[in-house]
Enquirer: 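My questions all concern the structure below.
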Amino acid sequence: MKPFTLLYFILSVVLYFVALPLLVYLSFKQKYRESIPSRFFLFNNPRFKKDNGIWFHVCSLGEASALKPLLEFLGNQDIKITTITHTGHSEAKRYDAEVRYLPYEMFIPLWAKKQKILIVLEAEFWFMLFSVLRAKGTRVILLNARISEKSAKKYLQFAWFYKKLLSNVEIIYAQSEADKNRFLALGAKNIEVMGNIKLAGKIAKTKEYKKPEVELIVAGSTHDGEEESVLKSFVEYRKQSDAKLAVVPRHPERFEAVYELMKKYADKNSLTLSRFSQDREFKTDLILIDAMGELNNIYAISDIAILGGAFKEDVGGHNPLEPAHFGCKIITGKHFFHQKELFKYVHHVQYVESDEIHKALVKCRELPPSMVEEKIDLKPVIERIIK
């Protein structure tokens, strides 16, 4: 182990023991009940069974979903996938692959087996993962790589560190020219601009639901604080239009809290309310979508999509390709910095503040449906992976 890598490893051990009480506490929370024991205590998280396979590392649900077209090209290859979040892990389990949680960095040297290649998606920059796998003889590729404008300033303060980290990488497939320039500023080499691989994904619904006879608005992938703004706007909009609102929280652990908030608005404004898990007929004015994997099915019968994650400064937005594919008129916030590359390809989107949602709903009457105009070619990546 190189001197700097050894020093980094020792620091990771020290930080682990400092954070141990917090990790134990968080492991009892529903959101982390599976991921923290797996990542930080290796509970039910064994090493991969074989070496010399193709290892993809992703963070969460969106990146795990983006793997689908790649895995279809790779066919019967020996695929391994690691994730960080529970939702990403659940999505990855849909594939014919060995799926694990990525352990905390101090476990990597003994846990990680040599593989033919490691493909890391987006902004998952783990020093021990890169350096240990490279030392074991594994090729490392960054795919769909991005560095947001916001993050770039922080990374540049530690450019020497990221230069060391990125020296382990064979090639970086960046999402945009801006991302390429940010990687160059950090000392990276061999960078190609490819676009976002999510453009290559097939978007489809899995179930058919009957579209309501009135206008259906869906608030998709919402976060804490966003539902309140949507509900306020919807109540105002209902004074001018007979419409229904379906709310799809991003995280399932928030279903109960969102239902209580919706109940408050329903009672106060004489609106009817239902839970999707109990009634899938869309008969009520407000519907909480309290089931996973239904968002595309709801987009398919919706007229307007209020896309969450961009009305607050800390999330960075969510994927607009899905509602655009189904012809929804998209309204979203202005803080979509993690999705800038995707929004470049989506037309007829309204970007508003949370207190402007009502005006945007009214303006939808004048606008055509949102649409996506571009695709990308994955063949150069596939050729490099299997060479």
Enquirer: Got a sec, which pairs hit ring-ring contact (aromatic ring centres under 6.0 Å, His included) with one end in residues 348-377, sequence neighbours left out?
Expert: Phe336-Tyr351, Phe343-Tyr351
Enquirer: Does anything in residues 310-324 pair up under side-chain hydrogen bond (donor to acceptor under 3.5 Å, both in side chains), and if so which pairs, sequence neighbours excluded?
Expert: His223-His318
Enquirer: Charged N to carboxylate O under 4.0 angstrom, Asp303 versus Lys329?
Expert: no
Enquirer: Applying side-chain hydrogen bond (donor to acceptor under 3.5 Å, both in side chains) as the test, list every pair that has at least one member in residues 285-299; sequence neighbours left out.
Expert: Thr206-Asn297, Lys207-Glu294, Tyr209-Glu294, Arg238-Asp285, Thr272-Asp285, Arg275-Asp290, Ser277-Asp290, Arg280-Glu294, Glu294-Asn297
Enquirer: Enumerate, atom names and distances included, each donor-acceptor pair closer than 3.5 Å involving a side-chain atom of residues 2-18, sequence neighbours excluded.
Expert:
from  : atom 1 : to     : atom 2 : distance (Å)
Tyr8  : OH     : Glu105 : OE1    : 2.4
Ser12 : OG     : Phe9   : O      : 2.6
Tyr16 : OH     : Phe40  : O      : 2.7

Enquirer: Side chains of Asp78 and Asn52: is there a donor and an acceptor less than 3.5 Å apart?
Expert: no
Enquirer: Check this for me: does any side-chain nitrogen of one of Glu356 and Lys359 sit under 4.0 Å from a carboxylate oxygen of the other?
Expert: no
Enquirer: Would Glu260 and Lys263 pass as an ion pair if we require N to O under 4.0 Å?
Expert: no
Enquirer: Cation-pi check for Phe48 against Lys113: NZ or CZ below 6.0 Å from the six-membered ring centre and within 45 degrees of the axis, yes or no?
Expert: no
Enquirer: Within the structure provided, determine whether Glu149 and Lys340 are in side-chain contact (heavy-atom separation under 4.5 Å).
Expert: yes
Enquirer: Taking only Lys NZ, Arg NE, NH1 and NH2, and the carboxylate oxygens of Asp or Glu, determine whether Glu227 and Arg254 approach each other closer than 4.0 Å.
Expert: yes
Enquirer: Tell me which pairs pass ring-ring contact (aromatic ring centres under 6.0 Å, His included) where either residue lies in residues 58-95, with sequence neighbours left out.
Expert: His89-Tyr101
Enquirer: What pairs with Glu228 under side-chain hydrogen bond (donor to acceptor under 3.5 Å, both in side chains), at least two apart in sequence or on another chain?
Expert: Tyr265
